Number of protein chains: 2
Amino acid sequence: MALEHAILVSLTERAGSGYELARRFDRSIGYFWPATHQQIYRVLRRMDEAGWVKHTEIAQDGRPDKKVYRVAAAGRAELSRWLAEPEDPAVLRDGLGVKLRGASLGAADVVLKEIERHRAEHATRLEVYRGIQKRDFPKPSTLHGRDLHQYLVLRGGVRAEESFVAWCDEVIDALRKDNR
Amino acid sequence: MALEHAILVSLTERAGSGYELARRFDRSIGYFWPATHQQIYRVLRRMDEAGWVKHTEIAQDGRPDKKVYRVAAAGRAELSRWLAEPEDPAVLRDGLGVKLRGASLGAADVVLKEIERHRAEHATRLEVYRGIQKRDFPKPSTLHGRDLHQYLVLRGGVRAEESFVAWCDEVIDALRKDNR
DNA sequence: GCTACCTATGCAACCAGTTGCACTGCACCT
DNA sequence: AGGTGCAGTGCAACTGGTTGCATAGGTAGC
């Protein structure tokens, strides 16, 4: 599994506190590996005990002390071990499919509304991703190394949302026609 | 949440035993809501205790007795309650994105191989879905009601796999070019 | 002055899902 | 005779993730 590894990747790019990591996860990495601060704190402590990361306590005035974590040698080893290890392809798990399957039970109109709602939410996410793409990667063909990888991950998000929205449109259209 | 509801939907379509449900999940519903037999047995018992389903023990010769479950009134009520309830859009969670982000750490070639492997697996899944589509829904425009919903769910699977494979191709191409 | 939100950490309880195993008996292959 | 695989049920232990709460001082708006 991979929250550990997601954290290692993020900390390798830049050291940071649990809180900061949670912020980062809310943005980039969390788009394809969401995590809450509780989970991050817990895993960080475990990784600290295992020697994968080390922390330095930093006193701040006006706000609580923070522990800044950085990747230790054992963490780097673990990360490259994991990178080389084959991983099971992710499965999709979306309750919306179940609801659609259940729509024949007289609730077709409610389910239709729900799908429209999901469409809107995914469309918003898509706009966010496209905004980031335009702002941070205006010239994709010039990218190399880490920047390229980051761009490609974002492209994955864009594609996933695009295809989801297109599917919603297909479903909405078909359900409307079937209703008449 | 929804394993309960996935089971209710499946049992509403047709009564069945835990084992049969697990088989069904391996096919249709499991494509977007995977579940193992253990999980299904456990949830079935819980739902039985809650009065959402009822079972009849059926003796069979040559093989173990089975408990055939059918949806009770409370289960139908719960299902329509859930169908009307708004659901959080699913998040994607794929370790491959994390690996790609970690590819800058000298492991670019290993990660490339891993992405090729995932591409192959998703392409296989896609072929399976397309096969089902051709076999079970040769004329989509004539579909209505439950058949239509089932078809649309399958379309979701097809679209998701298509877009994933296309993303893999984009990534593979970009990484190869970057390697040179 | 009050509410609300941000930085910052953390505990505890819970829920859902995974993994490994156990038992029975038939059918099929080698 | 032995292995594999299917049909059928189930327990136990574990892991990963979610939710609710606690603490604490600072900032910003009404």
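All heavy atoms count here, side chains included; hydrogens, waters and symmetry mates do not. Here the structure is a predicted model, which means the values were calculated and not measured. So you know, we letter chains A, B, ... as the sequences are listed, proteins then strands, and number each from 1.
Side chain of B:T12 to backbone of B:L8: a donor-acceptor contact under 3.5 angstrom is found.
Phosphate contact (OP1/OP2 of D:dA7, side-chain N/O of B:Y19, threshold under 4.0 Å): present. When the side-chain nitrogen and oxygen atoms of A:Y41 are compared with OP1 and OP2 of C:dG10, none of them lie within a distance under 4.0 Å. The phosphate of D:dG8 (OP1 or OP2) has a side-chain N or O of B:Q60 nearer than 4.0 angstrom. Remark: A:R45 is in phosphate contact with C:dC11, judged by side-chain N or O atoms under 4.0 Å from OP1 or OP2. Neither OP1 nor OP2 of C:dT7 sits under 4.0 Å from any side-chain N or O of A:S17.
Listed nucleotides: C:dC21, C:dA8, C:dA16. Nearest to the side chain of B:Q38: C:dC21. With C:dT18, D:dT18, D:dT9 as the choices, the nucleotide that has an atom nearest any side-chain atom of B:R93 turns out to be D:dT18. With D:dG16, D:dT18, C:dG10 as the candidates, the nucleotide lying closest to the side chain of A:K67 is C:dG10. Considering only the side chain of B:K66, D:dG8 comes nearest among D:dG8, D:dG16, C:dT7. Between D:dG8, C:dT18, D:dT18, one nucleotide has an atom nearer to the side chain of A:T36 than all others, and that is D:dT18.
Nearest approach of A:A90 to B:R125, heavy atoms of both residues: O-NH1, 3.5 Å.
No option in B:R155, B:E161, B:K134, B:R159 other than B:E161 meets the side-chain contact (heavy atoms from CB on, under 4.5 Å) test with B:Y129.
Here C:dG17 presents its P atom at 17 Å from CG of A:D88, a figure rounded to the nearest Å.
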